[in-house]
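Here the structure is a predicted model, which is why all the values come from computation and not from measurement. In what follows, every heavy atom counts, from backbone to side chain, and hydrogens, waters and symmetry copies are set aside. Note that ligands are numbered from 1 as they come in the structure, with each ligand's atoms numbered from 1 the same way.
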Amino acid sequence: MKIRNCLNPSQPCFSFEFFPPKTDAGVASLLRTVEELAPLNPGFVSVTYGAGGSTRDRTVDLVTHIKEHTGIEAMAHLTCVGHTRDDLRDVLRRLAAARIENLLLLRGDPPQGQQSFEPVPGGFRYAEELVRFVREEDFNFCLGGACYPEGHMETASREDDLKHLKAKVDAGMDFVVTQLFFDNAFYFDFVERARRAGINVPIVPGIMPITNYEQVQRFTRMCGATVPMRLALQMERVKDQPDAVVQLGVAHATVQCMELLARGVPGIHFYTLNKSPATRMIVSALRARS
Ligand code: FAD
C-alpha cells in the first residue's frame, strides 16, 4: 500500500516511528512494542536510518520483518550520510526486493564531530538530490520527506527553508512529515505558508509525547523545537516525579492531537522512541472520541 493513499483528512491515519536498536535484546523489545501497538491499526509504521553505520542494515531488516510478520505497512527511512550513489542504489534494490513500497528520504545530520554537512564524493548534499535520484532510477516507491514548522536548524530563514522544501517536493515527493512540535500554532502557520508557496502534498504532523523531561530538553536543543512556556513551567514543577511527567506529557499531546484532528490533518505520526504506553494512551483516547 502506498502511504499517499492513506493520508486523508476525512479518515486520518495514525502512524508510529521507531528507531533501529543497537542490540538483539533491543530488537526483541521493539518487536514487542510493535505487537502492543498493532491493535491500534496504524496506517503505517516507520523505522529510522541510523546516523552511524552500525544500525543501518537493521532498518532494512526491521521494515521487512514488520511488514512480513504483522501485515502493517512499514516505511524505511534512508539518508545521504556516508553513501555514494552506488551504495544508495544497493539499499534501494534491497528494499524493492523486500517489497517495501514507501520511503522517507532525508539528507541526515552531519556526522559527530563535523560542524556542517559534507557529502562523500559521489554522494548527495541535499535530500532533494536523493529524491531526484530515486525517481530517475525508476523505482516505484511512494516518497516522503521531512519538513520543519519552526525552520530547520541550519537555515538562514524560514522563507529559505520553505523554498528548499518546495524544490524537494517538486523533485518527486508524495507527502512530508513534520519535525516534532509542542505548539500547534507553528504547524497551522507552516501549512498556510506552505500552501501559499505552492506546496500541495499532505503535511503530516509529527507528535512526540513527553515521557522524560531531560530527554525532551536534549531533543529540543538538537532540533530547535520550542517548548511553550506554560508547558515548560508545568514540567519543571513535576520533573522529579516520573509518573507525573508522563501524565502531563500524554495529556498535552492528546490535547494537541484533538485540535489537529478537528482542523483536518491527513494523519498523525507519533515519535514513539520504541515505547508503546504513551502512544497507546493517546491513540486510545482519540479513538474513543471518534
Ligand atoms: P534537506 O531537505 O536536504 O535540508 C537540509 C538543510 O539544507 C535545510 O536547512 C534546508 O533549508 C537546506 N537546503 C535544502 N536544499 C537546499 C539547497 N538547494 N540550497 C541550499 N540549502 C538547501 N535523521 C536520520 O539520520 N535518520 C532518520 O531516519 C531521520 N528521520 C527523520 C524523520 C523526520 C520526520 C524528520 C523531521 C527528521 C528526520 N531525521 C532523520 C533528521 C534529518 O536527517 C535532519 O533534520 C537533517 O538535518 C535534515 O534532513 P532533511 O532531509 O530535512 O534535509
### Task
Nearest heavy atom to atom 1 (P) of ligand 1 wins, so pick from P20, P149, A127.
A127
### Query
Is there a side-chain contact between D161 and F190 (heavy atoms, below 4.5 Å)?
no
### Close approach of D161 to ligand 1, heavy atoms, under 4.0 angstrom
yes
### Query
Transitive ILVMFWY cluster of F186 at side-chain heavy atoms under 4.5 Å: who else is in it?
none
### Query
When you look at CD of E236, are more than 12 heavy atoms from neighbouring residues, nucleotides or ligands closer to it than 6.0 Å?
yes
#### Entry: Electrostatic pair R218:E214 at N-O distance under 4.0 angstrom
no
### Query
Salt bridge check: are E101 and K67 linked by an N-O gap of less than 4.0 Å?
yes
### Task
Can you sort out which atoms of ligand 1 are near T79, meaning under 4.0 Å from one of its heavy atoms?
24 (C), 25 (O), 26 (N)
### Task
Check each heavy atom of L104 against ligand 1 and say whether those closer than 4.0 Å belong to the side chain, the backbone, both or neither.
side chain
### Query
In terms of atom number and element, which parts of ligand 1 are under 4.0 angstrom from non-hydrogen atoms of Q179?
36 (C)
### Message
Please determine whether a side-chain nitrogen of the Lys or Arg among K168 and E129 lies less than 4.0 Å from a carboxylate oxygen of the Asp or Glu.
### Response
no
### Task
Find all atoms of ligand 1 within a distance of less than 4.0 Å from any non-hydrogen atom belonging to T48, and give their numbers and elements.
27 (C), 28 (O)
### Query
Which heavy atom of the protein is the closest neighbour of atom 9 (O) of ligand 1, given with residue, atom name and distance?
H152 ND1, 2.8 Å
#### Entry: Nearest non-hydrogen protein atom, atom 41 (C) of ligand 1
D109 OD2, 4.2 Å
### Message
Below 4.0 Å, non-hydrogen atoms only: which portion of M153 touches ligand 1? Side chain, backbone, both or neither.
### Response
neither
### Query
To the nearest 0.1 Å, how far is atom 7 (O) of ligand 1 from its closest protein heavy atom, and which atom is that?
Y126 CE2, 3.5 Å
### Query
Do R132 and D170 meet the salt-bridge criterion of a basic N to acidic O distance under 4.0 Å?
no
### Task
Apply the side-chain contact (heavy atoms from CB on, under 4.5 Å) test between I268 and each candidate in C13, C257, S15; give the one that qualifies.
C257
### Task
Give yes or no for whether the N/O distance cutoff of 3.5 Å, strictly under, is met between L106 and ligand 1.
no
### Query
Would you say G145 contacts ligand 1, with heavy atoms under 4.0 Å as the rule?
no
### Summary
the protein heavy atom lying closest to atom 25 (O) of ligand 1 turns out to be Y49 O, 3.5 Å
#### Entry: K2 NZ: over 12 foreign heavy atoms closer than 6.0 Å
yes
#### Entry: Cationic N near anionic O, under 4.0 Å, D57 to R94
yes
### Message
Any non-hydrogen side-chain atom of F219 less than 4.5 Å from a side-chain atom of L273?
### Response
yes
### Query
If we only count N/O pairs under 3.5 Å, is E17 in contact with ligand 1?
no
### Task
Could you tell me whether some N/O pair between R125 and ligand 1 is separated by less than 3.5 angstrom?
no
### Query
Same cluster for I72 and F141 if Ile/Leu/Val/Met/Phe/Trp/Tyr side chains link at under 4.5 Å?
yes
### Message
Just to check, does F117 reach to within less than 4.0 Å of ligand 1 when the distance is taken from its heavy atoms?
### Response
no
#### Entry: atom 36 (C) of ligand 1 - nearest protein heavy atom and its distance
A146 CB, 3.5 Å
### Query
Got an N/O contact under 3.5 Å between R107 and ligand 1?
yes
### Query
How far is atom 12 (C) of ligand 1 from its nearest protein heavy atom, and which residue and atom name does that atom have?
H164 ND1, 3.7 Å
### Task
Starting from atom 42 (C) of ligand 1, locate the nearest protein heavy atom and write down its residue, its atom name and how far away it is, to 0.1 Å.
Y148 OH, 3.8 Å
#### Entry: Sub-3.5 Å N/O-N/O distance, K168 and ligand 1
yes
Distance-only criterion, 3.5 Å: show the donor-acceptor pairs between side-chain atoms of residues 78-92 and protein atoms not counting sequence neighbours.
residue : atom : partner : partner atom : Å
T79     : OG1  : V81     : N            : 3.4
H83     : NE2  : Y49     : OH           : 2.8
H83     : NE2  : R56     : NH1          : 3.1
T84     : OG1  : D86     : N            : 3.4
T84     : OG1  : D87     : N            : 3.1
T84     : OG1  : D87     : OD1          : 3.4
T84     : OG1  : D87     : OD2          : 3.2
R85     : NH1  : G122    : O            : 3.1
D86     : OD1  : R89     : NH1          : 2.7
D87     : OD2  : T84     : N            : 2.9
R89     : NE   : E137    : OE1          : 2.8

### Query
Counting only heavy atoms on the protein side, is anything nearer than 4.0 Å to atom 47 (O) of ligand 1?
yes
### Task
Report yes if some N/O of Y271 lies less than 3.5 Å from some N/O of ligand 1; otherwise report no.
no
### Query
So which heavy atom on N212 is nearest to which on Q215, and how close?
OD1-N, 2.9 Å
#### Entry: Under 3.5 Å: N/O of H77 near N/O of ligand 1
yes
